[in-house]
Amino acid sequence: MTEQHPGATPEPSTDPAPQPPQAATTPSYSYPTEVGPTAGGPTAGAQGVGFGDDTAPAAGSRRRPAFIAAGVAAALVVGGAGAFAASQLSGGGAQPADVLPGDAFAYVRLDVDPSAAQKVSAVRFLGKLPQVRDTLGSGDPRQKVWEAITADAKSDCVSRFSYSGDIEPWLGDRVGLAVRPGGTTGKPNVAVAMQVSDEGKAQDVLTRLLACDGADETDLRLRDGYAIVTPKGQGDATLAAVDRGSLAADPEFSDDMSALGEQGVASAWFDTAPAAKELASSRGSGRSTSDLGGLGDLGGLGNGSAMMSGLSGLAGAKGAASGRVAVAMRFDPSYVEVAGITRGVTAIPGYTPAPGDGTQLANLPDDTLAAVHVSGAGDALKAAWPQIEKMIDGSGDGADQLAAVEQQLGVTLPDDAQVLLGRSLTVSVPDQQLGDGVPSIGAKIVSTDANRADQLVETLERTAGAPGTLTREVDGDTLYLGTTPDYVGALKSGGHLGDSDAFTAAMGDTSKATAAVYVDLDRLEKQYLPQVPDDQRAAVESLRAVGITASVQDAGSGSFSLRVVGN
């Protein structure tokens, strides 16, 4: 373990042998043009992947030189898929969570050196999007970001630092950001851990770089191959907190990340309960939003204040004062995915949703262009009704207005709403040329009382002054409706959408999905492809489908996924 403080004179080592630093070799950011199906992975390739030349910051933007060092690490974000697919196959070594404190309630990690399997998958996926791959360009993506971040630097001091001479020799492939207790909504207590391959060089360059603007706003500490940047006065406290237990050693964090599975090129974790406690404390403490210096800017890593505001909204939401969320961005040879899990999150107090029934989505006609499916919405509405009534009662004459609506429509709430939303609701659009007459749109409602649901739809049509607009048919516990009789018939006949390659890749297993969205981009693109510029059509045509799913495992636990599939 190595711990240094900027400006301190290094003590002579008493170790029997010096510990070797992490490998200081510079990764080769080359894109393998082929990938073997078995061991051996990518073959050597000459096609480069990196950044394009349009990554310069917007005119008038300003980043404090004190945080350019943190911004350099943001290459891991901006590099995205290109840097990820092009990095070497090592994928080992310490992660930022190993050197960040276990008291953190929010964490974001970015990595251009993930597992070998992820690199191979990214190579294969990007091979389906050649124009995207080529647009990323060649070279070290971290250098592109350094140049973008320093392009508008106001200080001559910053301009004297070169990437090849000052930054590249020590900058690693990983960065982590943790939000800890002790900050405010406007100025969170953030610790940024940047992986370094040479601690001595990193300390020298970062110390000089952080002092470029003449301000004394940050602390810099080095530990176990990482440079840790914190607000002024928090450096030693942060390391002391790590000594008490790192985030990686926290049982809930490690369990959540294990359940999440492959963490890919980026991951994040958030614990709502301590975040809510911290937010309540900071609001009541009267702490100034300037007492943490400028660390909220964090250079290219994003705005810390904006992040904290977002966490504030989540933590402060009623019914969401506890629970954790873990998310990862990862690759499969067919798609790129943002997937996540929830633990202990209860959206409606006292209500546990039942597993969904996504088979209604999978059984849609084969020519489906797009579809949305929700299971259990009726039960969820009824469970949430007491809270809804309280909000209505607190809005003046809201209760009287609701009673008037019930009387006008001849309905009883929430019972009739529960019947109409049903056990599952699936809305779909078939393949067609939109804009040619009335579009074909349909729905099927699996309800506890399909005949009553049919009556309710008829009432709504009549109230809207458009009776007979929809074709409706009841078959057992299902109400089918649509804008055309032919499409209602097609919905009743069903199909095998779930067997198609595009659906399978985009949606995965939907048998227990409580919510799902599917869009066949190959079918949809004909609606807008003629308006796409010629030089962008290849990129548009390279995308095949988009799928979003959310499922419930048990009380408070669930999973979700967003996938973009390539051709």
Inset, instruction - Check the side chains of Q118 and R330 for a donor-acceptor pair under 3.5 angstrom, ignoring hydrogens and angles. - result: no
Inset, instruction - For K201, enumerate each residue passing the salt bridge (charged side-chain N to carboxylate O under 4.0 Å, His left out) test, keeping only those at least two apart in sequence or located in another chain. - result: none
Inset, instruction - Taking all non-hydrogen atoms of both residues into account, name the closest pair between L100 and A178 and its distance. - result: CD1-CB, 3.9 Å
Inset, instruction - List the atom of D250, the atom of G102, and the distance in Å for their closest heavy-atom pair. - result: OD1-O, 4.2 Å
Legend entry - Beyond-backbone contact of N189 with P231, side-chain heavy atoms, under 4.5 angstrom: yes
Legend entry - Derivation of the side-chain contact (heavy atoms from CB on, under 4.5 Å) call for T342 and F560: CA-CA 8 Å; T342 60; F560 55 90; 4.1 Å; yes
Legend entry - Smallest separation among heavy atoms of M507 and A516, with atom names: CE-CB, 3.7 Å
Legend entry - Inter-residue atom distance I341.CD1 - L260.CG, 0.5 Å rounding: 5.5 Å
Legend entry - Donor-acceptor side-chain pairing of S557 and R343 below 3.5 angstrom: no
Inset, instruction - Run the salt-bridge test on R223 and D243 with the 4.0 Å N-O cut-off and return the result as yes or no. - result: yes
Inset, instruction - Indicate the atoms forming the closest heavy-atom contact of Y226 with E199, along with that distance. - result: N-OE2, 4.2 Å
Inset, instruction - Check step by step if side-chain contact (heavy atoms from CB on, under 4.5 Å) holds for D509 and T549. - result: CA-CA 9 Å; D509 181 12; T549 59; over 6 Å; no
Inset, instruction - Kindly indicate whether the side chain of M257, heavy atoms from C-beta on, has any atom under 4.5 Å from the side chain of S267. - result: yes
Inset, instruction - Please check if the side chain of S246 supplies one atom and the backbone of A249 the other of a donor-acceptor pair under 3.5 Å. - result: yes
Legend entry - Reference residue L171; test side-chain contact (heavy atoms from CB on, under 4.5 Å); the match among I167, D173, V175: I167
Legend entry - Between OG1 on residue T514 and NE2 on residue H373, distance to nearest 0.5 Å: 8.0 Å
Legend entry - Interatomic distance, Q234 atom CD to I228 atom CD1 [nearest 0.5 angstrom]: 13.0 Å
Inset, instruction - Go through the steps for Q95 and R109 under the test side-chain contact (heavy atoms from CB on, under 4.5 Å), then give the verdict. - result: CA-CA 9 Å; Q95 291 289 337; R109 159 197 160 272; 3.1 Å; yes
Inset, instruction - Hey, could you give me the CE/CG distance between M194 and L222, rounded to the nearest 0.5 Å? - result: 9.0 Å
Legend entry - Ion pair D113/K119, N-O distance below 4.0 Å: yes
Inset, instruction - Considering non-hydrogen atoms only, spot the tightest contact between A328 and E262 and give its length. - result: CB-O, 3.7 Å
Legend entry - 4.5 Å side-chain heavy-atom contact, L562 and V546: yes
Legend entry - Over all atoms of both residues, closest heavy-atom pair of G165 and S162: N-OG, 3.1 Å
Inset, instruction - Measure the spacing between CG of D271 and CG of D103 and express it to the nearest 0.5 Å. - result: 11.5 Å
Legend entry - Side-chain heavy-atom pair K232, T218 within 4.5 angstrom cut-off: no
Legend entry - ring pair (Phe, Tyr, Trp, His ring centres under 6.0 Å) involving F253 - partner list, sequence neighbours excluded: Y107, W269
Inset, instruction - Any chance you could measure M329, atom CE, to L110, atom CG, to the nearest 0.5 Å? - result: 10.0 Å
Legend entry - Ionic contact status for R221 with D236, cut-off 4.0 Å: yes
Inset, instruction - Taking the side chain as every heavy atom from C-beta outward, state whether F125 and D332 have any atom pair closer than 4.5 Å. - result: no
Inset, instruction - Taking the side chain as every heavy atom from C-beta outward, state whether F105 and V179 have any pair of such atoms under 4.5 Å apart. - result: yes
Inset, instruction - Not counting sequence neighbours, which residues clear side-chain hydrogen bond (donor to acceptor under 3.5 Å, both in side chains) with D166? List them please. - result: none
Inset, instruction - Measure the shortest side-chain to side-chain distance between Q203 and W170 over non-hydrogen atoms and say whether it is less than 4.5 angstrom. - result: no
Legend entry - Heavy-atom side-chain contact between T238 and R180 under 4.5 Å: yes
